[in-house]
Student: 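Right, I'll just put the structure down here and ask away after.
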Amino acid sequence: MATEDARYRQSSQYRLWSFSPSHLQSLREKTNSLAISHISNRLRASSPPVDPLPDFLTPADEALLLNFYIVDLLRAAQFCDLPTEIQATAAIFFRRFYLTNSLMTYPPRALTMTCIFFACKAEGLYYRLQKFADKFPGTTGEEVLAAEFVLCQGLRFAFDVRHPYRALEGAIMELRRLGDFDESRLARAHQRTRDVLKLSPLLTDAYFHYTPSQIMFGALSMADEGLLQRLLRDAFAGKSESAKNQVLDVIQSCRAMLEKEPPERRTSYWDGSGSKETMKPLNKKLRKCRDPDRVDLVALQKARREQALQKAKAKTTTREESDIFGASNGKIEDEEREAKRRRVVGGGDLLGPPL
Amino acid sequence: MAVSPLIVHPTSALQGARAVSSPLKNAASAQTSSNGTPLAVQVVPNAAAAAAQSTSLDLAEQLNDEEKRKYVKGKKLGEGTYANVYLGFLRNDPSHLVAIKKIKIQKEYTEGMAPDAVREIKHLQELSHPNIITMHSVFSSKDQNLNLVLEYLPLGDLEMLIHDTEHIRYGAADIKAWMGMLTRAVWFCHENFVLHRDIKPNNLLIAADGEVKLADFGLARSFSDPYRPMTSNVITRWYRPPELLFGAQHYSGAVDVWSVGLVLAELVIRTPYIAGNSEIHQIQLICQAVGTPTEDNWPGVTKLPEYTVDKEVIPLRGKDHYMALFGTLGVEGVDLLMKTLSLDPKKRITARDMLKHDWWHKDPRPTRKQDLPKKSGGQGKVGADLKRRPGIIEEDRGSKVARKLDFGPAK
Amino acid sequence: MSRKPVTNGSTVVRLPTGPTTALPSDICPVCKRVRYLNTDMEFLINPECYHPMCSNCVSNIFKSGPAQCPYATCTKTLRQRGFRSAFFGDLAVEREVDIRRRVAAAYNMVEDDFETLRDYNNYLQDVEDLTFDLISGAEDERRAAEQKLLHREQEFRDEIERNKRRGREAELSRQKRDAADAEAARQRRLEEQREEARARAEEATINAEVMEALARGEPGSAAEIQARIVAQNRARVAAISGAHFTSLLDTGVPSGTSNTLSIRGLKTKKISEEEEDLSKPYDPFAGLGPALEPSRYKLHESYPNPWLDAARTHDDHRVPGYSISEYVTRAMFDAFAGLGVNIADEKKDVARGPGTLVAAEAAATNRVSERINVDDVFG
């Protein structure tokens with residue numbers, strides 16, 4: 001058993017967010033049908049009741065729209081000059097969220113902002129909310145935050161997304177160390193693979209079905225098959241031929257998936273008349289069948305917060321909570337000045353007297 | 001045990017869910033519930049849909065509920081401004097206790113979920129090791145509060161043991177055992193490319209079986225890729241290494257190793273070794289305890305953004321200095337301590353090399369975890385506590401009783 | 001009945017049929033020597049057949065090597081070495097005891113080795129059955145039991161050794177504890193004696209002081225003076241009595257080393273854990289060292305990478321110890337971690353969870369149970 005594989009299996013990406021293709025399919029269908037029935041109820045129960053019910057999105061519709069919005073998300077993230085990893089994390093958050101939530105239930109535009117903002121947090125880059133909102137005219141900080149909690153819930157509170165970018169750096173460094181390839185060849189492969197990785201996996205289900213290592217090797221094989229073969233040869237030296245071939249098969253099928261969304265396609269999502277034309281009617285359809293309760297997430301969030309605070313007030317006597325977040329109105333870099341010396345779990349007094 | 005409002009029964013889950021999903025449409029909810037017929041009857045003949053609909057939750061909410069239902073929340077163990085901690089247990093196995101940390105909505109923090117909650121959840125989800133606190137699950141409650149289900153560690157933390165000089169005695173073998181656990185925890189974090197950045201005795205919790213667990217990942221983060229700055233304002237001041245005090249923004253696991261060294265020192269002298277009351281003071285104390293950082297012993301240090309030291313240059317302390325203070329550790333122990341307190345982070349020992357040091361294989365052998373000192377149960381005389389092996393109280397009484405009834409040969 | 005001729009030409013012994021069950025009291029059945037004439041005649045038996053004969057017979061018959069037992073019905077070949085004196089007069093008992101001793105040596109597990117009491121009792125029952133067969137079973141039963149015993153003795157030599165060692169250790173610790181108890185008791189008795197002596201001495205000094213006080217002409221009666229002096233002394237003693245008291249407790253019975261082995265612990269695991277701990281050297285990695293070593297690649301000292309050069313040389317990275325090797329280790333790990341993981345295979349059974357089954361069932365009956373346990377759909 002390879003130690004690296006055993007360690008990978010401990011990650012939340014493997015445990016919670018990896019699926020067989022059939023399972024993924026059934027999850028999407030279930031999400032879609034649940035949403036349709038809930039929204040139908042709500043539309044019927046509204047005043048006046050909506051009749052006849054609108055056309056609902058099919059799972060296939062959702063899949064198309066999903067990619068459209070992810071490209072949109074990547075553009076927005078690029079606009080904020082966010083590093084590649086954070087862009088990719090935001091895109092994966094988006095994709096994961098819409099596995100168990102439907103596009104009809106939660107408006108994708110709002111989630112786009114929230115995903116980017118939360119991806120920054122998750123990766124340790126603390127963007128001030130207001131500065132972020134200011135970058136997108138017409139968006140308020142409230143709107144960005146409104147979906148944050150439901151996003152976290154949808155992510156099953158697994159915030160660590162593992163990407164293939166550093167893996168690529170490792171592969172190139174190893175190839176260079178071997179000294180059998182000239183630098184220009186490596187540089188070309190490096191560039192090409194990186195271009196593929198920045199888009200293709202994010203527009204497919206690659207992250208659900210393959211590990212970052214496999215995604216990286218799949219993309220590398222698109223750029224330069226020989227390099228892949230060399231690395232595999234060394235990695236499986238002394239092991240059975242069949243083990244290596246099995247891995248090769250997986251990498252090939254990953255490559256096939258990535259080839260469906262090569263980087264060239266990115267522009268076609270925007271300018272190409274083809275995509276825009278497909279998207280317009282779909283967007284229209286979406287507008288008609290949205291969940292009425294969740295169109296305005298800000299109001300929803302406010303109402304829930306109110307409820308929660310009411311309950312808290314009723315239960316305990318209001319205690320003046322110290323401003324533990326201190327000078328958080330200050331600079332952007334001071335991520336840590338908030339809450340440091342807190343005794344939360346584990347402090348002797350907090351765990352109370354011995355049982 | 002107080003009945004928690006969060007013990008979920010199927011029906012209340014339904015109502016709760018309805019409330020959550022449409023507080024703006026209370027009328028609608030009331031309507032469906034007032035006529036008493038279950039939802040399933042009203043809707044489309046699609047039977048599968050009907051089945052799923054009887055909970056009006058979407059899939060994500062269902063999954064969250066699943067998680068929540070696995071645990072039963074009990075009495076409150078503690079309360080803080082940041083979170084409340086409750087005792088809980090697994091619904092399927094009431095003997096399996098957990099601590100449920102419910103993070104409160106912070107009115108003051110206006111940027112959504114607090115960074116330390118994000119960090120703690122993110123890293124505890126990925127780390128699984130006997131010397132790192134286990135996070136079993138995370139779920140959200142109706143009121144949008146985060147609930148972390150953590151290991152139940154009832155025996156307090158290492159700080160309590162260290163500073164209870166009146167009741168707790170421990171020796172070199174115990175120190176070695178605790179250090180082994182702490183070093184393993186830090187090593188494992190670093191192997192998984194995570195910096196803890198808040199190591200101190202307060203964050204080393206003790207499990208019922210004596211195992212020490214590293215907790216509080218609120219300041220943790222992944223190792224940084226080059227050129228990505230990190231903040232230097234981490235780690236509690238007394239345990240903070242010089243590079244952070246000098247404002248460095250690109251550092252390595254060595255910052256945690258410095259903290260580990262200071263924990264070792266504190267275990268020996270039973271008081272924090274370098275306890276400054278300001279950052280300047282902290283630097284001064286480091287100069288006195290270890291030596292002044294200079295271009296000689298740490299090339300380039302004078303160029304760090306916040307480099308300030310007193311005019312008086314104290315030369316690096318030698319072995320004799322440390323042996324005088326920490327002699328109980330023995331020659332190898334002192335050697336290890338000195339390597340963790342190297343001023344230049346590049347020369348500081350790594351966690352992995354710490355585990356390869358000779359100290360672990362010299363006498364005394366580290367105490368077995370079941371034999372380690374535990375906090376005094378407050379049960380009475382000092383003598384009684386010293387005499388009894390901690391934790392085996394019942395058996396002691398039992399053996400005494402047996403002796404009384406033994407009519408056999410006198411001992 | 002036919003008998004093989006005895007080679008050394010000793011007399012043929014005719015005996016009543018059936019095994020003898022008692023040591024002869026005054027006549028040796030083989031040589032017919034009489035105790036009256038040989039006052040120190042000693043009867044020996046050989047565990048092969050338990051036929052008693054006097055020591056003279058033993059040396060006469062067997063000194064030049066193995067020979068057949070002189071008893072009429074017995075065809076066993078005996079050796080002089082095998083003879084010993086019997087402990088019990090009743091040879092049947094002697095034989096049984098020998099058998100039991102041998103069985104117990106081979107089957108020497110203790111209650112602590114078993115998960116439950118019932119298992120232990122079953123074991124005891126089996127051992128007793130075996131012993132019964134050996135002692136009084138029919139020919140074939142006895143042979144079968146003999147086989148089992150031999151098998152046990154050979155196959156489980158190691159286990160038997162270990163149990164023996166443990167038994168010895170337990171015995172040793174018990175002895176130590178007893179010694180400690182005895183010592184403690186003795187100390188206590190000594191203390192008491194000393195206390196008494198001290199008390200008497202004190203009384204004497206108080207009396208002396210009272211006399212002196214009276215002689216000096218202090219106010220009050222003798223009783224009052226005495227009371228005063230006693231009170232003063234007590235105050236003095238009280239100041240140090242705390243320490244005195246605890247020190248007594250300290251020299252008391254060290255009850256930490258109680259009977260940990262035999263009181264509880266039915267599980268086989270518990271004991272092996274303790275044994276494990278102390279017999280193996282301490283592993284600072286607690287066994288996890290190998291699991292974190294790379295298996296598909298080797299980490300080298302340096303990896304040329306122009307992009308990293310700045311991080312190697314710039315002061316803001318170099319001086320505070322930013323570690324290029326940490327980065328490289330991570331990049332290499334990322335490159336190969338999960339390479340051999342086949343998600344489609346490993347996750348294919350997760351989909352067929354109870355959630356979907358219940359939904360299907362509910363669909364079929366168009367009824368819904370209270371809770372749809374949509375189990376962990378994600379596996």
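What you are looking at is a predicted structure, and each value in this text was computed from that prediction instead of being measured. Reminder, nothing fancy here: chain letters follow the sequence lines and each chain counts from 1.
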Student: Is chain C contacted by the side chain of A:L232, its backbone, both, or neither, given a heavy-atom distance below 4.5 Å?
Tutor: side chain
Student: Check the surroundings of atom NZ in C:K176: do more than 12 heavy atoms from other residues, nucleotides or ligands lie under 6.0 Å from it?
Tutor: no
Student: Between C:A344 and A:S20, what is the shortest heavy-atom contact and its length?
Tutor: O-CB, 3.9 Å
Student: Measuring from atom OG of A:S18 to atom CD of C:E346, what distance do you get when rounded to the nearest 0.5 angstrom?
Tutor: 9.5 Å
Student: Is A:D234 salt-bridged to C:R296, cutoff N-O under 4.0 Å?
Tutor: no
Student: Pull out the residues in residues 331-343 of chain C that come under 4.5 Å of chain A, heavy atom to heavy atom, sorted by number.
Tutor: C:A331, C:M332, C:F333, C:D334, C:A335, C:F336, C:A337, C:G338, C:L339, C:G340, C:V341, C:N342, C:I343
Student: First locate atom CE of A:M173, then atom NE2 of C:H300, and finally report the distance between them rounded to the nearest 0.5 Å.
Tutor: 12.5 Å
Student: What's the spacing between C:S295 OG and A:R7 CZ if we round to 0.5 Å?
Tutor: 10.0 Å
Student: Is any residue of residues 206-215 of chain A within less than 4.5 Å of chain C by heavy atoms, and which ones?
Tutor: A:F208, A:H209, A:Y210, A:T211, A:S213, A:Q214
Student: When you measure from the centre of the six-membered ring of A:Y14, is the NZ or CZ of C:K347 under 6.0 Å away and within 45° of the axis?
Tutor: yes
Student: Can you say whether C:L308 sits under 4.5 Å from chain A via the side chain, the backbone, both, or neither, judging by heavy atoms?
Tutor: side chain
Student: Looking at residues at least two apart in the chain, or sitting in another chain, which of them share a side-chain hydrogen bond (donor to acceptor under 3.5 Å, both in side chains) with C:E301?
Tutor: none
Student: By a 4.5 Å heavy-atom criterion (distance strictly below it), what part of A:K239 contacts chain C: side chain, backbone, both, or neither?
Tutor: side chain
Student: Quick one: which of A:Q246, A:E169, A:E174 has the most heavy-atom pairs under 4.5 Å with chain C, could you say?
Tutor: A:E174
Student: Which region of C:A291, side chain (C-beta onward) or backbone (N, CA, C, O), has a non-hydrogen atom less than 4.5 Å from a non-hydrogen atom of chain A, or is it both or neither?
Tutor: backbone
Student: Cut-off 3.5 Å, side chains only: do C:Y297 and A:E4 have a donor facing an acceptor?
Tutor: no
Student: Going by heavy atoms in the side chains, are A:R176 and C:Y303 under 4.5 Å from each other?
Tutor: no
Student: Among A:A235, A:S11, A:P164, A:A243, who wins on heavy-atom pairs under 4.5 Å with chain C?
Tutor: A:A235
Student: With chain A as the partner chain, list the residues of residues 309-329 of chain C whose heavy atoms fall under 4.5 Å from it, by residue number, and write 'none' if nothing qualifies.
Tutor: C:Y327, C:V328
Student: So, A:T3 side chain and C:E293 main chain: donor-acceptor pair closer than 3.5 Å or not?
Tutor: yes
Student: Is there a side-chain contact between A:H23 and C:K348 in this structure, where contact means two heavy atoms from C-beta onward sitting under 4.5 Å apart?
Tutor: no
Student: In terms of heavy-atom proximity below 4.5 Å to chain C, should A:L168 be classed as side chain, backbone, both, or neither?
Tutor: neither
